[in-house]
Structure formats: C-alpha cells, structure tokens
Novice: 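Please see the structure below; I have some questions.
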Amino acid sequence: MIETTYNVGIYCRLSKDDERDGESVSIENQKLLLQNYVRQRGWNEYDVYIDDGYSGTNFDRPGVKRLIEDAKAKRINVILVKDLSRFGRNYIEFGQYTDYLFPSLGCRFIALNNGIDTMSDNGSTDVMCFLNLFNEFYSRDTSKKVKAVKKACAESGKFMGTYPAYGYRRDPADKHHLVVDEETAPVVRRIFAMRASGMGFHSIAAKLNEEGVLSPGMLYYQRKGQSDPRHVNHKWADQTAKNIVRNEVYIGNMVQGKSGTLSYKSRKLISKPEDEWIRVEGTHEAIVSREVWDTVTAIDRKKVRKSAPSDGNRSIFTGLVYCADCGFKMRNHIERFTYKDGRPGRYSSFICGNYSRSGKSACTVHTIYETVLTQLVLEDIREKARFAEHDPEQLAQQIIRLKEKEARSRLSSYEQELKAASARLKELERLMQNLYEDKCAGTIPQTVFQTLMRKYEAERAEKAEAVPELERRVKAHQENQTGADRWLEVIRRYTEITELDETILFELVDRIEVGDTRKVHGLRVCDIKVYYRYVGNVDDALAQERRRQFEKAI
C-alpha cells in the first residue's frame, strides 16, 4: 500500500462585515488553529493563503485565485479551512469548486468546524449543500441590514461617502459631518464664478492649469505625502469642473445613493435614477450662494455654447434671446464692413433661428441689433431695480397676486389631476389583487386574466409616471413667495448699473423674447419682453404698482 503525502494549503479569510471582536474569527487565530491540525496529523504545510477584508459572496479574491492555481499545478492536494463560510458564501460557485473542480484535481477539501471532509465516507458531505445555502442566506440578510443602516444614516443627512467633495473635509468631531476646507473652498467659488460668467468647462480647466492650481487628485496624494500612482496627466479636466458645478454639496445639500450594486453578490456599481437619490437639504455650511448656484444651473439648462467669432468678440446675449412667435432661439449674425478710412467695422444682430434655417415659410426674420437690445435690457433692469428699491414688499405682493391669478386655474387643474391619478392608482392595485385572487380560485380563465392584467398594468405604469410630474407642478405653483423675495433681493443691487455683462445677465435673466418688427408713424418698432429668473415677466405687476403710486399721489 502506497502512503499518500499530504501537502496542505491553509486558507483563511476575514470579511469587513465579520465581527472582528471575537477571538475565534481573527485571521491569526484561524491560522494557528489550522496549523495545529496539520502538525497533529504529520502533514506538510505548503502555504497559507489569506484574504483579509474580502467578501465571501464571490470568489474574485487574490488568496483564492493563488490557492486554485497551486491546486491545479499539483503543489497541494489538501485544502483546509476553518469552516465553509470562510471559503465562501456563494452557494452556486462553492458547489462548482467542491463538487467538480477539486475532485477532478484529486484535491481533498476539509472544513474543520463543520466536520466536512470530502475523503470521509461518514456522510458529512451530504449536509454540505445545506450549510452552503444557509451561509448564502446569512450573507443576503447581512447585506440587507447593512444597506438599511446606511440608507437610514443617509436619510438623516449624515455623510456616508469615502472621500469628502473637493472644498470640504470631515469634521474632526464627527466623521459624518462636513466642514469647509479653507484652502480649497476659494477655488470652488472661483470655478462657480467663472461658470456663472459664461465660461465653458474646457476654458475653466485650462485657466486653472495655467495658474498651477493643483487638481483634486494631486492635492489628495500631496496631503498624504505620497506620489499619485494613477496613470493620468494630473491636470484639471473638463469633467472635473463639470462635476463640481453640478454637485449640490456646495449649497449645503447632501445628495447620496446615486449608485449601488446589482446585488449583494456583485461589487459592480450601477447608476440609479434621480428619483431614487437621497437628498437632504441644509446639512452643512454652503460654499456658494443659492443665487450663484441657480445661475450656473440656468446656464446648463440652456446648454449655452458660445463659439468666439474670428475677431474674438462674443455676444453676451447668446443663448438668452428667443423669437416671440415661434419660440426658436435667435442666432447671432455678424455683418462686416469697411469704413472710408480703411478701418474694419462690424454690426452684431440677432435673427430668428427658425427663419435662418428654413426661410420665410417657417417664420419671419425678427431682427434686432445687439446695441439696441443692450440698451433696452439695461433700461428694463434699471427700471425694475428702482421699483424694487422703492417699495419691495408692495411690489412683491403685486407679483405674487399676478402670478397666482395666472396660475390659479392651472393649479386647480393640476391638483384635481393629481387627486384623480392617486385615487386611480389605488383602485388599480385593488383590481389587480382581486383579479389575481379570482385567477387562483379558478373563477376566470387564464386568457382573460392575462388580458386584463396587461391592461391594468399598462394603465398603472402610466399613472405612476404622471404622479411625480403633477406633484412637481403643484409644488412649483406654491413657491411664488420664495421666488418673488429672491428676485427682489437680487434685482435691488442693480439700480445704478451702466453696463451689462454676461454675469449680470445670467444672474437676472431667464430669457428675452423679441417680437417681429412693424412700422408705427414711420418708425420700425418691435416688442421686447424680458423674463426674469424666479418671477418671469413682471411688466403687468409694475403697471399695477405705477397705478397704485399715482392714485396714492393724487
């Protein structure tokens, strides 16, 4: 009889989710226990394979991979673990190893605490599949509990991320609270200011790189006293600037849960829809004001892309001017000419984009020179600012009354639609439940059940999709007071302005509508409407305020 030589591979694992306080689960204790077992039997200890901090829900672990390679190379013929859960908690993958791979390699598998030995004929392997299944259930249950705790913490406004956003650092007194990083916060404010002035993300990144401002990644490793191991150019990029100006953390809001794993078995992250994000407002000190945030948000919403003309002069109105009749954006048109003395000249005007693209059959030209538009908008802003400075409370009430009068019928309609949709959703859920019960009881045939279920499910999906939009509309109509107050606070700064620039326009103006030109008493005139952010067009409210002041004076 040939005596078998046992070369043992000892495998130890400790997951981040395991209880580290217990003596029995520490890596060192696992190792000592298994080494003693090997020595008592006079076997050869070939190597110890350790995975510390890795989950057992998958086998993508360096220790396991090295162990399998040695088993396939016939360096080991015994695999020894403390218990089945240490080797893994994935029922299907575990079975592929213990039932197929290890036997084909002639490799013996022993789980000490479970009394499992694949060479034994005492029936111990018969219960191995059940133990593996229970181990997987344990992982699933643990994953649900961990996710529930993290979600509860996120819903309470606690920071649950790994790295604070650029411009912030962890509060030394509370790791779940963010405080402003005085070193990097000025850079964040500058990025927002540049974007609010109309600069593109590429220009912002280039400017920061020219000035030698350290990128977030470089700063992180510099503070750790390490060199950046990533194979990148260590510079600011367009996407970095874009991520910063679109992150609500800078106005004091905590937005978390934007991504998650497919399941507890997979570490691959997937993006979640926005309606599943966890948003908590006012959790920490803001770095930028709400007005600046609204400005850059408005720029993103308009998708303003300003390509500089050959002479380098850009229009400050690009992206803000619309045709009053067809609603298309108006295009900036440049006419070049030469003065008698040889100097080059230019006229900048705006024309309807629909007309420019498709001709008279689509719309009319709606042209207006930029110099005229600048003067009209400047005067409109100064007029609104003077009224706001004179009696802001009264003007706010006029604006609110006018907006509520316009919106009252729509608000009532939205509320009725929302109420009807919510009621119908409940009714559909009841109908689907009754339908399923009737099908189980045999009251209705399968074909009828499937037809009605598809019909109800389609209607339920339609109503479920409509409800959030109706709720948003109702909420929007209920925010008139906040919008009027915010507009008054901003507009009052501009009573004495003498010149317009992009920053002022994007801060104040939502859109400008230009009507078609017509002749009045031999003069060419057109109607201009300026729609301000937060309040829209307030000309009617101003007219009411003028009448009130006139009546008060007489």
Side-chain angles (χ1 to χ4, degrees), residues 159 161-171 178-253 255 284-320 490 493-494 497 499-508:
F159 173 66
T162 306
Y163 307 108
Y166 181 79
Y168 287 98
R169 57 185 177 85
R170 291 182 187 273
D171 188 342
L178 299 182
V179 294
V180 174
D181 183 347
E182 298 301 337
E183 180 183 352
T184 55
V187 180
V188 173
R189 295 188 186 99
R190 186 144 175 261
I191 291 171
F192 272 88
M194 287 190 284
R195 182 58 176 164
S197 69
M199 284 183 66
F201 298 117
H202 179 77
S203 300
I204 293 172
K207 186 70 173 175
L208 295 173
N209 288 326
E210 287 172 9
E211 297 176 358
V213 179
L214 289 179
S215 65
M218 279 291 290
L219 181 64
Y220 170 78
Y221 286 104
Q222 185 187 80
R223 287 178 170 180
K224 292 186 71 174
Q226 302 175 1
S227 59
D228 190 343
R230 302 171 301 164
H231 297 290
V232 295
N233 63 9
H234 307 124
K235 299 288 185 180
W236 284 88
D238 304 11
Q239 191 62 45
T240 309
K242 185 183 294 186
N243 290 341
I244 286 176
V245 300
R246 292 179 178 176
N247 194 340
E248 288 187 42
V249 71
Y250 298 111
I251 54 172
N253 296 347
V255 183
H284 53 273
E285 181 183 351
I287 290 179
V288 298
S289 67
R290 186 67 195 222
E291 288 74 21
V292 173
W293 169 264
D294 288 343
T295 299
V296 299
T297 302
I299 293 173
D300 277 353
R301 189 168 58 248
K302 290 180 175 63
K303 298 181 180 179
V304 178
R305 295 178 181 176
K306 298 194 176 187
S307 55
S310 58
D311 58 6
N313 295 317
R314 301 185 310 176
S315 172
I316 62 175
F317 291 99
T318 301
L320 293 175
V490 175
R493 305 174 194 158
Y494 300 103
I497 63 167
E499 187 177 353
L500 282 180
D501 60 32
E502 286 181 313
T503 303
I504 295 173
L505 278 176
F506 280 124
E507 183 177 19
L508 287 174

Novice: Find out whether Glu211 and Arg190 are in side-chain contact, i.e. whether some heavy atom of one side chain is under 4.5 Å from a heavy atom of the other.
Specialist: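 Yes, close enough: below the 4.5 Å cut-off.
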
Novice: I'd like to know if the side chain of Arg169 and the backbone of Pro164 have a donor-acceptor N/O pair within less than 3.5 Å.
Specialist: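 Looks like no, no N/O pair under 3.5 Å.
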
Novice: Write down the atom of Ala165, the atom of Val249, and the distance for their closest heavy-atom approach.
Specialist: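 Of all heavy-atom pairs spanning Ala165 and Val249, the closest is CB-CG1, 3.8 Å.
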
Novice: Would Val245 and Tyr250 satisfy side chain to side chain contact (heavy atoms under 4.5 Å, CB included), going step by step from the backbone distance to the final call?
Specialist: CA-CA 8 Å; Val245 300; Tyr250 298 111; over 6 Å; no

Novice: Is any side-chain heavy atom of Met218 closer than 4.5 Å to one of Lys235?
Specialist: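 In short, these two side chains do not touch, never coming nearer than 4.5 Å.
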
Novice: My understanding is that only residues two or more places apart in sequence, or in another chain, count here; which of them pass side-chain contact (heavy atoms from CB on, under 4.5 Å) with His202?
Specialist: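 Once residues adjacent in sequence are excluded, the partners of His202 under the side-chain contact (heavy atoms from CB on, under 4.5 Å) criterion are Asp238.
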
Novice: Once you round to the nearest 0.5 Å, how far does NZ of Lys242 lie from CG of Asn247?
Specialist: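 Here the rounded value is 14.5 Å.
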
Novice: Mind checking the CG-OH spacing from Asp181 to Tyr168? Nearest 0.5 Å is all I need.
Specialist: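 Reported value, rounded in 0.5 Å steps: 10.5 Å.
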
Novice: If the condition is side-chain contact (heavy atoms from CB on, under 4.5 Å), which residues does Tyr221 pass it with, not counting sequence neighbours?
Specialist: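 Listed in chain order: Gln226, Asp228, Pro229, Arg230.
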
Novice: Under the side-chain contact (heavy atoms from CB on, under 4.5 Å) rule, collect the residues that match up with Val292, sequence neighbours excluded.
Specialist: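 In terms of side-chain contact (heavy atoms from CB on, under 4.5 Å), with neighbours along the sequence ignored, Val292 is linked to Phe192, Ser289.
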
Novice: The criterion is salt bridge (Lys or Arg N to Asp or Glu O under 4.0 Å); which residues satisfy it with Glu183, sequence neighbours excluded?
Specialist: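 Salt bridge (Lys or Arg N to Asp or Glu O under 4.0 Å) list for Glu183, sorted by chain: Arg223.
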
Novice: So Leu208 and Ile191, do their side chains get closer than 4.5 Å, heavy atoms only?
Specialist: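 Counting from C-beta outward, Ile191 and Leu208 do come under 4.5 Å.
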
Novice: Give me the atom names and distance for the closest heavy-atom approach of Ala185 to Ile287.
Specialist: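 Reported closest heavy-atom pair: O-CG2, 3.9 Å.
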
Novice: Can you name the nearest heavy-atom pair linking Ile497 to Tyr494, along with the distance?
Specialist: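 Nearest pair, atom of Ile497 first, then Tyr494: CG2-CD2, 3.3 Å.
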
Novice: List the atom of Phe201, the atom of Arg246, and the distance in Å for their closest heavy-atom pair.
Specialist: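 Closest heavy-atom pair between Phe201 and Arg246: CE1-NH2, 4.2 Å.
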
Novice: Quick one: list whatever passes side-chain hydrogen bond (donor to acceptor under 3.5 Å, both in side chains) with Glu499, sequence neighbours left out.
Specialist: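 Glu499 satisfies side-chain hydrogen bond (donor to acceptor under 3.5 Å, both in side chains) with no residue once adjacent residues are dropped.
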
Novice: Leu505 and Ile316: which non-hydrogen atoms are nearest, and at how many Å?
Specialist: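 The answer is CD1-O, 3.4 Å.
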
Novice: Is the Trp236-Tyr166 ring centre distance short of 6.0 angstrom?
Specialist: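 That pair passes the under 6.0 Å test.
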
Novice: Would you mind reporting whether Trp293 and Ile251 have side-chain heavy atoms less than 4.5 Å apart?
Specialist: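 Yes, their side chains come closer than 4.5 Å.
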
Novice: Of all the heavy-atom pairs spanning Ala196 and Thr295, show the shortest one and how long it is.
Specialist: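 Nearest pair, atom of Ala196 first, then Thr295: CB-CG2, 3.9 Å.
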
Novice: What's the verdict on side chain to side chain contact (heavy atoms under 4.5 Å, CB included) for His284 and Asp171, showing C-alpha distance, side-chain angles and the deciding distance?
Specialist: CA-CA 10 Å; His284 53 273; Asp171 188 342; over 6 Å; no

Novice: Would a 4.5 Å heavy-atom cut-off, applied to side chains only, mark Arg195 and Ile204 as touching?
Specialist: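 They are in side-chain contact.
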
Novice: Give a yes or no on whether the backbone of Ala205 and the side-chain of Asn209 come within a donor-acceptor separation of less than 3.5 Å.
Specialist: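 Between the backbone of Ala205 and the side chain of Asn209 there is a qualifying donor-acceptor contact (under 3.5 Å).
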
Novice: Partners of Arg493 by salt bridge (Lys or Arg N to Asp or Glu O under 4.0 Å), sequence neighbours excluded?
Specialist: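 Arg493: salt bridge (Lys or Arg N to Asp or Glu O under 4.0 Å) contacts with Glu507.
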
Novice: Side chains of Thr240 and Ser215, heavy atoms from C-beta outward: is any pair under 4.5 Å?
Specialist: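 No, their side chains stay 4.5 Å or more apart.
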
Novice: Supply the atom-to-atom distance Ser315 OG to Leu320 CG, rounded to the nearest 0.5 angstrom.
Specialist: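 Between atom OG of Ser315 and atom CG of Leu320 there are 8.5 Å.
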
